[in-house]
Amino acid sequence: NWGHLPASYANMNLFIAGGAYHLSGTPYLGAAKTTADDGINTATYTPKATDDGVTWTPTVPRSVAGGGSVDVTATCPGAPTNPCYLNAWIDFDNNSVLDPGEQIFTNQALALNGTNTYTLTFPITDDSNFDGTTLYSRFRLTDGLVASPAPGGVAVDGSAIPLIGEIEDPFFQVTGDVVTPVTVASF
């Protein structure tokens, strides 16, 4: 599974450039797994119909003081004995870099067996851009703990073994404390 952020996010999508990827299989985000031979690296975001595992909790206001909330639907067949792990970043300052300080989840265990929806809260950075600008994010779900979570590259465990999982790159707009998921039908 591969990423598909806009090309302004350097080295984040394509294999040859060190883009994010996981081995294919279970676990996955949403109703079905997105599969591809390589990432998508275009000037604009490229949506996929199967990118349906991350939605913004509509009833939770966003603020630096109060944080935010996201609903994540994940299929974790080995849980609770072998939970899935979620790592995620939001480009709060909209600089086309998913900085370490923008990581909202670090090896967050999702420990229910089967397909479940989790409502997870996260902090919001002081430099967040909430003026209606489109903000991009990266969510990585894996079948094991990621040794050094990063938004790019292969996800590996502590023994440098590549992990199975899925990547989704949802984007949204925040004006004040109102989140608007961006839906793209076609370009």
Could you work out, with side-chain hydrogen bond (donor to acceptor under 3.5 Å, both in side chains) as the rule, every residue matching Thr26, not counting sequence neighbours?
none

Rounded to the nearest 0.5 Å, what's the gap from OG1 on Thr106 to CG on Leu145? Could you check?
11.0 Å

Do the rings of Phe139 and Phe105 sit parallel, tilted or perpendicular, given the 30° and 60° boundaries?
tilted

Main chain of Glu102, side chain of Asp99: is a donor-acceptor contact present, judged purely on distance under 3.5 Å?
no

Side-chain donor-acceptor pair present, Gln103, Asn87, cut-off under 3.5 Å:
yes

With clusters built from Ile, Leu, Val, Met, Phe, Trp and Tyr whose side-chain heavy atoms come within less than 4.5 Å, directly or transitively, what are the remaining members of the cluster of Leu23, listed by chain and number?
Ile164

Looking at CD1 of Ile104 and OG of Ser137, how far apart are the two atoms once the value is rounded to the nearest 0.5 Å?
7.0 Å

Which residue pairs pass the salt bridge (charged side-chain N to carboxylate O under 4.0 Å, His left out) test with at least one member in residues 138-150, sequence neighbours excluded?
Arg138-Asp169

side-chain contact (heavy atoms from CB on, under 4.5 Å) between Val146 and Asn107, intermediate numbers included
CA-CA 7 Å; Val146 178; Asn107 284 320; 3.7 Å; yes

Over all atoms of both residues, closest heavy-atom pair of Pro27 and Thr75
CB-O, 3.0 Å

Which residues share a side-chain hydrogen bond (donor to acceptor under 3.5 Å, both in side chains) with Asn116, sequence neighbours left out
none

Show every donor-acceptor pair shorter than 3.5 Å between a side-chain atom in residues 79-86 and any protein atom, with sequence neighbours excluded, or say none if there are none.
none

Considering non-hydrogen atoms only, spot the tightest contact between Cys76 and Asn113 and give its length.
O-OD1, 3.3 Å

Considering non-hydrogen atoms only, spot the tightest contact between Val54 and Glu168 and give its length.
N-OE1, 3.5 Å

Heavy-atom pair with the smallest gap, counting every atom of Val97 and Tyr9
N-CE2, 3.7 Å

Taking disulfide (SG to SG under 2.5 Å) as the cut-off, I'd like each qualifying pair that reaches into residues 85-120, sequence neighbours left out, listed once.
none

Partner residues of Asp157 under the side chain to side chain contact (heavy atoms under 4.5 Å, CB included) criterion, sequence neighbours left out
Ser159, Ile161, Leu163

Please test Leu135 against Asp91 for side-chain contact (heavy atoms from CB on, under 4.5 Å), starting from the C-alpha separation and ending with a verdict.
CA-CA 6 Å; Leu135 300 177; Asp91 188 8; 5.7 Å; no

Run the numbers on Val154 and His22 for side-chain contact (heavy atoms from CB on, under 4.5 Å), then give the verdict.
CA-CA 6 Å; Val154 62; His22 301 147; over 6 Å; no

Does Leu112 offer a backbone N or O that forms a donor-acceptor pair with the side chain of Tyr118 under 3.5 Å?
yes

Indicate yes or no: at least one non-hydrogen side-chain atom of Leu5 is less than 4.5 angstrom from one of Leu98.
yes

